[in-house]
Amino acid sequence: MKYLIILLMSVSAANAAEKAGMPQLDAAGWGPQIFWLFLTFTILYIVVWKIVVPRLSDSIEQRNDYISDNLEDAKKIANDAENLNKSYETTLANTRNEAAKIIINNKKNLNEKLLKEKNQLEAKLQKKIEDIEKEISKMKNNSINDIKNIAGVLSGNIIYDVTGEKISDDKIKKIIDKLITNQNLGLK
Amino acid sequence: MATNPMEQFEVKTIGPKIILGNIDISFTNSALFMVIVVTLITIFFTVSTQKKSLIPGKLQLLAEMIYEFVAKMISDTAGQDARPYFPFILTLFLFVLFSNMIGMIPYTFTVTSHIVVTFALAIVIFFGVTIIGFLKHGIKYLELFVPSGVPKLLLPLIIVIEVISYLSRPISLSVRLFANMMAGHTMLKVFGGFVVSLGLVGGWLPLGFSVALTGLEILVAFLQAYVFAILTCIYLNDALHLHH
């Protein structure tokens, strides 16, 4: 509304001042201006419509396509890389598992082998100890008999030398056995 | 040295007087600058878009920036349906922008400082938009004057106000541009006149004002082209999408 008032005011002002006022309100100049405006504006419209817009939208679209293509490629490559990384991780994990299995198996085997050998060795040692013990007791018995015999002979000889009396071996043996038992010499 | 600040707006015939029928279509200084504007725009865009390189040069970048600026303006205000009218809006914006900017060069003529030029553009936009509205919505386009959610009692008054505001669109659109351009140039001329009359002694102050005003006027030149184009988009949006 206020523009209308301004316009009306300027029209009346122009009428009052005639030519001295605003050249914009001199109707003589309107015809050429409108004609040339439409002519030039139409030419510009055709230029913009047929040349400027197609060219610019082309180059902008081309660039956008190029960028989106590149982005897609980059996405694809990133995906590939991720997949590769995943498969690498899986392989690594599998290998680790296998290695752990192998280590456990080996440990088990070694332990078994060790236990077996230990048992064998222990059995062997046990046997040897038993053999030696047997031999020792055998030797002990033998030595007691030897002692008894020697003591018997010696005693018979001593008695003979001292008394001139001969005592039978059986008698001496009995006496010695009795003495040994009584004195508890531990030679039994 | 001309002292009348309105003299710069005078339309002078260049060459012979041409009369077609009853209408005077003589080539004038105004017509000359319209031709210059169109030629400059055409040269700028044909040169800058010649190579269509993937990585744009400075000129191509500038052309693309203008293109995308206007494209964004249209899609923001009028949506995707306004796409077919893009070349027209771009032409309008470029024509007004270049006219305003070239008018900032001393001793040139500002095409848009004439009400008849801006009004001719505005009335074409007005009728164009109205035709688009009726073609798209038929008689229902008149619903534009009936805003939703208004009490029935107020409706007669509101419709009258809406009709008046719709009909005053071409006037407001054209006067806004013309008045801005004329006022700016008149003011520059007045201050320029002060510089001359006050001379070396006191002329520095108005000279400073002139410099500041020139900067302001360049801003206004761009702003008014933008406003002219965006208002066209808004009117187009009203015609395309009938809602309040």
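Naming convention: chains lettered A, B, ... in sequence-line order (proteins, then strands); numbering from 1 in each chain.
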- prompt: Is the closest side-chain heavy-atom distance between A:V53 and B:Y67 below 4.5 Å?
  reply: yes

- prompt: Which atoms form the tightest heavy-atom contact between A:P23 and B:F9, and what is the distance?
  reply: CB-O, 3.5 Å

- line: Rounded to the nearest 0.5 Å, the CE atom of A:M22 sits from the NE2 atom of B:H114 at a distance of 9.0 Å

- prompt: What part of B:V37 is in contact with chain A, defined as an atom under 4.5 angstrom from a non-hydrogen atom: side chain, backbone, both or neither?
  reply: neither

query: In Å and rounded to the nearest 0.5 Å, what is the CD1 to OG1 distance from A:I46 to B:T42?
result: 11.0 Å

task: Please say whether more than 12 non-hydrogen atoms of neighbouring residues, nucleotides or ligands are located less than 6.0 Å from CZ in B:F127.
output: no

task: Count the heavy atoms belonging to other residues, nucleotides or ligands that lie under 6.0 Å from CG of A:N145, then report whether that count exceeds 12.
output: yes

- prompt: Among B:L121, B:T13, B:L94, which residue forms the greatest number of heavy-atom pairs with chain A at distances under 4.5 Å?
  reply: B:L121

field: Which portion of A:I34 sits near chain B, non-hydrogen atoms under 4.5 angstrom
entry: side chain

task: Return the option, out of B:V124, B:V111, B:T39, B:V117, with the maximum number of heavy-atom pairs under 4.5 Å with chain A.
output: B:V117

Engaged part of B:L92 at the chain A interface, taking heavy atoms whose separation is under 4.5 Å: both

field: A:F41 portion near chain B, given a 4.5 angstrom heavy-atom threshold
entry: both

- prompt: Which one, A:F38, A:W36, A:Y66, A:W30, leads in non-hydrogen pairs under 4.5 Å with chain B?
  reply: A:W36

task: Using a cut-off of 6.0 Å, state whether more than 12 heavy atoms not belonging to A:E122 lie near its atom CD.
output: yes

query: Between A:I51, A:I60, A:V47, which residue shows the highest count of heavy-atom pairs closer than 4.5 Å to chain B?
result: A:I60

Closest non-hydrogen atom pair, B:T28 against A:P32: CG2-CB, 4.0 Å

- line: Whatever's closer than 4.5 Å to a heavy atom in chain A on B:F27 counts as both

query: Is it the side chain or the backbone of B:S48 that comes within 4.5 Å of chain A heavy atoms, both, or neither?
result: neither

- line: Smallest heavy-atom separation, A:Q33 atom then B:M34 atom, equals O-CE, 3.6 Å

query: Quick check: are there more than 12 heavy atoms from other residues, nucleotides or ligands sitting under 6.0 Å from CG of B:L20?
result: no

Verdict with supporting geometry, B:E68 and A:L56, side-chain contact (heavy atoms from CB on, under 4.5 Å): CA-CA 9 Å; B:E68 286 185 332; A:L56 280 174; over 6 Å; no

Best-contacting candidate, B:I18, B:V35, B:V38, against chain A by heavy atom pairs under 4.5 angstrom: B:V38

- request: Rounded to the nearest 0.5 Å, what's the gap from OG1 on A:T40 to CD1 on B:I41? Could you check?
  value: 9.5 Å

message: Which atoms of B:T49 are under 4.5 Å from chain A, going by heavy atoms: the side chain, the backbone, both sets, or neither?
response: both

task: Can you establish whether the number of heavy atoms outside B:L135 located under 6.0 Å from its atom CG is more than 12?
output: yes

task: Assess whether side-chain contact (heavy atoms from CB on, under 4.5 Å) is satisfied between A:V48 and B:F45, documenting all intermediate values.
output: CA-CA 9 Å; A:V48 169; B:F45 278 96; over 6 Å; no

message: Applying side-chain contact (heavy atoms from CB on, under 4.5 Å) to A:W49 and B:T91, what does each step give before you reach the verdict?
response: CA-CA 8 Å; A:W49 177 35; B:T91 311; over 6 Å; no

